[in-house]
Amino acid sequence: MIHGAWSDASSWDAVVPQLKKQGNEVITVNLTGHGADNTSFAEITFKTYVDQVKSAIGSRKEVVLVGHSFAGLVISQVAEDIPGQIGELIYLAAALPHNGESLLSLAQQDPGSHIGKSLTVDKEHGQAIIAKDAVADIFAADAPPPVQQYLASHIKPEPLAPLATPVQLTEQNFGSIRKVFIHTVNDNAISYGAQQHMVKAGKVDKVYTLSSSHTPFISMPDKLADIIISESK
């Protein structure tokens with residue numbers, strides 16, 4: 001399970017126990033530079049993330065890879081690199097790319113997103129910054145106020161380079177993997193319209209819909225867990 005930008009592996013804390021109860025082995029990856037990891041952004045590339053996920057997978061087969069938001073690009077590239085080990089890709093309100101697309105290129109096609117007006121790109125320090133007063137609206141409009149306040153006070157800048165890196169995908173590898181998309185209807189980060197467009201343009205085998213913000217693992221972890229469990233059987 002791979003978290004999105006401006007987040008960390010704790011995103012999954014309310015979901016993981018439910019998956020484990022069903023006998024699943026669950027691995028969450030905390031991407032370099034996120035959470036308590038203070039690696040210099042100058043050292044972080046998109047390949048850093050892809051290699052991290054491949055390392056976490058190790059020699060496992062039939063892996064169900066769940067990617068939230070930006071991590072849709074990460075899981076796509078991992079599937080391209082090791083298609084024989086991936087059983088399924090689950091995109092949770094996630095970027096579903098074609099070959100040559102990056103998060104930034106996809107974001108430019110999403111006028112419904114609230115990120116743009118609250119985003120500062122600091123090229124000198126290689127970071128992307130979300131204004132704290134916009135965090136609740138963008139990411140967790142349906143979360144309780146204390147959770148919104150916690151998210152706003154703990155958000156960190158995001159390494160810029162990986163967001164601008166295009167994926168390298170082929171129909172033979174990435175295209176051969178089963179794909180599931182979980183829509184988040186009330187999403188202000190990746191708008192529902194943009195999600196629908198990516199699903200229509202991509203080869204998605206099954207679609208689920210949650211009436212949530214960008215972070216259903218906060219507002220409706222039970223419903224999200226149920227979907228992932230049903231897809232993991």
| task | Check whether V26 and V180 end up in the same hydrophobic cluster, where Ile, Leu, Val, Met, Phe, Trp and Tyr are linked by side-chain heavy atoms less than 4.5 Å apart. | result | yes

| query | Can you list every pair that meets side-chain hydrogen bond (donor to acceptor under 3.5 Å, both in side chains) and has a residue in residues 197-206, with sequence neighbours left out? | reply | E171-K203, K206-Y208

| note | Q127 and P157 have their tightest heavy-atom pair at OE1-CB, 3.5 Å

| message | Among residues at least two apart in sequence or on other chains, which ones pass side-chain hydrogen bond (donor to acceptor under 3.5 Å, both in side chains) with T209? | response | none

| Can you check side chain to side chain contact (heavy atoms under 4.5 Å, CB included) on D13 and F217, steps first, answer last? | CA-CA 8 Å; D13 284 357; F217 40 78; over 6 Å; no

| message | Please check: side-chain N/O of Q195 versus main-chain N/O of I190, any donor-acceptor pairing under 3.5 Å? | response | yes

| Above 12 or not: heavy atoms from other molecules or residues under 6.0 Å from NZ of K47? | no

| field | Linked, directly or transitively: L163 and I129 (ILVMFWY side chains, under 4.5 Å) | value | no

| query | Can you name the salt bridge (charged side-chain N to carboxylate O under 4.0 Å, His left out) partners of R178, sequence neighbours left out? | reply | E88, E231

| request: Just jot down the salt bridge (charged side-chain N to carboxylate O under 4.0 Å, His left out) partners of E25, sequence neighbours excluded, or say none. | output: R60

| field | Interatomic distance, I155 atom CD1 to I130 atom CD1 [nearest 0.5 angstrom] | value | 6.0 Å

| message | Once side-chain contact (heavy atoms from CB on, under 4.5 Å) is applied, do any residues pair with A143, and if so which ones, sequence neighbours excluded? | response | A140, V147, Q148, I218

| query | Residues in salt bridge (charged side-chain N to carboxylate O under 4.0 Å, His left out) with D142, at least two apart? | reply | none

| request: Please tell me if the side chains of Q196 and F181 come closer than 4.5 Å, counting only heavy atoms from C-beta onward. | output: no

| request: Using the test side-chain contact (heavy atoms from CB on, under 4.5 Å), find all partners of D8 that sit at least two apart in sequence or belong to another chain. | output: S10, N30, H34

| said: Test your reading of the model: is there a side-chain donor-acceptor pair from S76 to the backbone of G72, 3.5 Å cut-off? | reply: yes

| query | Any chance NZ of K223 has more than 12 other-residue heavy atoms, nucleotides or ligands included, within less than 6.0 Å? | reply | no

| request: Grab the two heavy atoms, one from K132 and one from S153, that are nearest each other, plus how far apart they are. | output: NZ-O, 3.9 Å

| Does T48 reach the main-chain N or O of T45 with its side chain, forming a donor-acceptor pair under 3.5 Å? | yes

| Quick one: does E101's side chain get under 4.5 Å of M198's, heavy atoms only? | no

| Inter-residue atom distance F174.CZ - Q168.CD, 0.5 Å rounding | 12.5 Å

| Residues that H125 engages under ring pair (Phe, Tyr, Trp, His ring centres under 6.0 Å), provided they are two or more places apart | none

| Hey, what do you get for CD (Q109) to CG (L104), rounding to the nearest 0.5 Å? | 11.5 Å

| query | Do H68 and W12 come within less than 4.5 Å of each other through their side chains, counting heavy atoms only? | reply | yes

| query | Of the non-hydrogen atoms in V185 and S211, which two are nearest, and what is the gap between them? | reply | CB-CA, 4.3 Å

| Exam field: side chain K156 to backbone G35, donor-acceptor pair closer than 3.5 Å | yes

| Quick one: does N188's side chain have a donor or acceptor within less than 3.5 Å of a partner on I138's backbone? | no

| query | Between S213 and P216, which heavy-atom pair has the shortest distance, and what is it? | reply | O-CD, 3.7 Å

| task | Any chance you could lay out the side chain to side chain contact (heavy atoms under 4.5 Å, CB included) test for K54 and I82, step after step, and finish with the verdict? | result | CA-CA 8 Å; K54 285 158 57 175; I82 54 170; 4.0 Å; yes

| task | Taking the side chain as every heavy atom from C-beta outward, state whether F139 and S69 have any atom pair closer than 4.5 Å. | result | no

| request: Taking the side chain as every heavy atom from C-beta outward, state whether L169 and Q77 have any pair of such atoms under 4.5 Å apart. | output: yes

| message | Side chains of I2 and F70, heavy atoms from C-beta outward: is any pair under 4.5 Å? | response | no

| message | With heavy-atom distances below 4.5 Å as the criterion, would you say the side chains of F41 and L160 are in contact? | response | no

| Between the main-chain N or O of G4 and the side-chain N or O of S7, is there a donor-acceptor pair closer than 3.5 Å? | no

| said: I need the M220 CE to D226 CG distance, nearest 0.5 Å. | reply: 12.0 Å

| query | Going through the checks in order, is the side chain to side chain contact (heavy atoms under 4.5 Å, CB included) test met by L73 and T165? | reply | CA-CA 10 Å; L73 292 127; T165 303; over 6 Å; no

| message | Determine whether I27 and M1 satisfy the following criterion, side chain to side chain contact (heavy atoms under 4.5 Å, CB included), listing intermediate values before the conclusion. | response | CA-CA 6 Å; I27 301 169; M1 303 185 76; over 6 Å; no

For residues 17-24, run the donor-acceptor check on the side chains, cut-off 3.5 Å, and write out each pair with its distance to 0.1 Å, sequence neighbours left out.
from	atom 1	to	atom 2	distance (Å)
Q18	NE2	A14	O	3.1
Q18	NE2	D222	OD1	2.9
N24	ND2	L19	O	3.0

| field | Results of side-chain contact (heavy atoms from CB on, under 4.5 Å) for T39 - residues two or more places apart only | value | T32, D37, E43, I44

| message | Under the salt bridge (charged side-chain N to carboxylate O under 4.0 Å, His left out) definition, can you give me all pairs with a residue in residues 105-123, not counting sequence neighbours? | response | none

| query | Is Y192 reachable from L224 through a run of hydrophobic residues whose side-chain heavy atoms are each under 4.5 Å from the next? | reply | no

| message | Just verifying a value: how many Å separate I228 CD1 and L92 CG, rounded to the nearest 0.5 Å? | response | 7.0 Å

| remark: When every non-hydrogen atom of T184 is compared with those of S212, the smallest separation belongs to CG2-OG, 3.2 Å

| task | Specify the closest pair of heavy atoms between I115 and A189, including all atoms of both residues, with the distance to one decimal. | result | CD1-O, 3.9 Å

| Side-chain contact, heavy-atom cut-off 4.5 Å: V78 with L89? | no

| field | Pairwise distance CG(L65) to CD1(I177) - rounded to 0.5 angstrom | value | 9.5 Å

| query | Under 3.5 Å, is there a donor-acceptor pair between the side chain of E158 and the main chain of W6? | reply | yes

| By side-chain contact (heavy atoms from CB on, under 4.5 Å), which residues pair with Q149, not counting sequence neighbours? | P145

